[in-house]
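Scroll down for the structure; my scribbles are underneath it.
No hydrogens, no waters, no symmetry mates; every other heavy atom, side chains included, goes into these values. Atoms within each ligand, like the ligands themselves, are counted from 1 in listed order. Residues take their numbers from the sequence shown, with the count starting at 1.
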Amino acid sequence: MKKIAVFTSGGDAPGMNACLRAVVRTGIYHNLDVIGIKRGYEGMIDGDFHAMSAHSVSGILHQGGTILQSARSNRFRTKEGRQLAYEQLQKAGIEGVVAIGGDGTFSGASVFMKEHTIPFVGCPGTIDNDLFGTDFTIGYDTAINTAMDAIDKIKDTANAHNRLFFIEVMGRDAGFIALRSAIASGAEAVLVPETKTDMDALVASLKQNYENKKTASIVIVAEGDDAGGAFQIAEAVKKRMDYYEVKVSILGHIQRGGRPTAMERVRASRMGMEAVKALLDGKKGCMIGQIHNETSYIPFDKATKHHEEIKPELLEMVEILG
Ligand code: F6P
């Protein structure tokens, strides 16, 4: 193998730059030419290719976002789009690809590899932590720290005014951000898409808190919760507890940006390095993960089909400790 490419795709995540830097520098260390593809699969189809040097990834380890930019590509979902992407890769002499992204990225890579011969290896870049076969994805640790920081601040004002806050965090299909940011900020309740939300139980517990003179409360809602978004849930609760002043706060995309935490940078760097080594070892069609601090290799289809379960004991922690 003489030439590889790397790209970032799907929702960006803090630590993607650290991973990219590791891919480029590990590739160069092994005498490979490394090409950066801009704008994910969109750039692959358009041939938006750029030669990377060790210097081109200087000063990005600590930056959020991705210097290669990202996209969600509808064209790559079509056979014609994938054919165009293949032709571009072939024309550029690319013999292996590192994909940094989430489930959409790996589903695309998996379909591509059934049609074409160029091997792909993935690094799990998503704040949602919703991929199977890795304890943590790139971006998750930073996102929960960002959420925790914001929730701490909201808690100050909630206490000052005796208010009940519903705070919505990201996680369209997964409640991992909600779960750990709730534990870390001492929230009174957390609602996640993985479990059915019991509105009666939620109201009963908030009422109990109120009767016990706990006059401010925080409920963390994952955006994909089955009972609806934070506004909808707050509205329903307000109807049953009209004596409580209810507020809603949507944290939104601030959770996607910012400087990656130290652990994020270390994890992302290691995954990027292992991805290049995996390509050189002839591995393909798999995501690099880390389980108990050891590198794991998970087939794309397995990584995307399910995600790790929400541990009931962690949900119980919120209930007991909050
Ligand atoms: O996949 C990561 C994620 O942040 C989800 O939690 C969220 O629902 C989605 O991306 C938002 O995507 P976009 O930025 O395209 O609106």
Side-chain angles (χ1 to χ4, degrees), residues 7-19 38-43 64-66 68-77 99-110 122-134 136-151 166-182 184 190-195 197 220-233 248-261 264 267-268 271 287 289 300 303-308 310:
F7 70 100
T8 49
S9 162
D12 62 307
M16 276 185 165
N17 276 328
C19 186
K38 285 209 153 183
R39 299 177 290 113
Y41 287 123
E42 283 291 289
T66 156
L68 287 181
Q69 300 187 295
S70 193
R72 302 191 196 273
S73 173
N74 283 329
R75 285 191 292 163
F76 198 79
R77 289 177 201 275
I100 307 170
D103 54 358
T105 307
F106 299 155
S107 306
S110 173
C123 291
T126 165
I127 63 165
D128 291 344
N129 207 41
D130 61 345
L131 291 163
F132 182 81
T134 189
F136 298 110
T137 56
I138 298 167
Y140 176 66
D141 187 51
T142 307
I144 57 174
N145 274 285
T146 301
M148 176 188 73
D149 193 43
I151 298 163
F166 287 84
I167 305 177
E168 186 177 297
V169 298
M170 274 186 166
R172 199 170 22 205
D173 308 307
F176 294 101
I177 296 178
L179 176 67
R180 288 208 173 77
S181 62
V190 61
L191 308 180
V192 294
E194 288 85 349
T195 57
T197 291
I220 307 298
V221 183
E223 66 174 316
D225 187 67
D226 58 288
F231 275 110
Q232 208 177 325
I233 294 168
V248 174
S249 191
I250 313 276
L251 299 190
H253 284 77
I254 64 158
Q255 295 159 94
R256 283 250 288 266
R259 296 168 70 226
T261 62
E264 201 83 88
R267 186 176 297 121
M271 286 174 169
M287 176 192 92
F300 284 144
T304 54
K305 288 266 149 57
H306 348 255
H307 61 68
E308 299 286 351
I310 292 264

Report the C-alpha separation of Met148 and Arg180 in whole Å, then their side-chain angles, then the decisive distance to 0.1 Å, and conclude whether the side chain to side chain contact (heavy atoms under 4.5 Å, CB included) test is met. CA-CA 9 Å; Met148 176 188 73; Arg180 288 208 173 77; over 6 Å; no
Check whether any side-chain heavy atom of Phe176 sits under 4.5 Å from a side-chain heavy atom of Thr137, and report yes or no. no
Are side-chain N/O atoms of Gln255 and Thr146 paired as donor and acceptor at under 3.5 Å? no
Cut-off 3.5 Å, side chains only: do Thr197 and Asp225 have a donor facing an acceptor? yes
May I ask you to check whether over 12 heavy atoms, not counting those of Arg259, lie within 6.0 Å of atom CZ? no
Residue, atom name and distance, where the atom is the protein heavy atom closest to [atom]:
atom	result
atom 11 (C) of ligand 1	Arg256 NH1, 3.5 Å
atom 16 (O) of ligand 1	His253 NE2, 3.6 Å
atom 5 (C) of ligand 1	Asp128 OD2, 3.4 Å

May I ask you to list the atoms of ligand 1 that are less than 4.0 angstrom from any heavy atom of [X]?
X	answer
Glu223	5 (C), 6 (O), 7 (C), 8 (O)
Arg72	9 (C), 10 (O), 11 (C), 12 (O), 13 (P), 15 (O)
Gly171	6 (O)

Tell me the contacting part of Ile127 for ligand 1: side chain, backbone, both, or neither, using a 4.0 Å heavy-atom threshold, strictly below. side chain
I'd like to know whether Val169 forms a side chain to side chain contact (heavy atoms under 4.5 Å, CB included) with Ile220, so could you lay out the CA-CA distance, the side-chain angles of the two residues, the decisive distance to 0.1 Å, and finally the verdict. CA-CA 7 Å; Val169 298; Ile220 307 298; 3.9 Å; yes
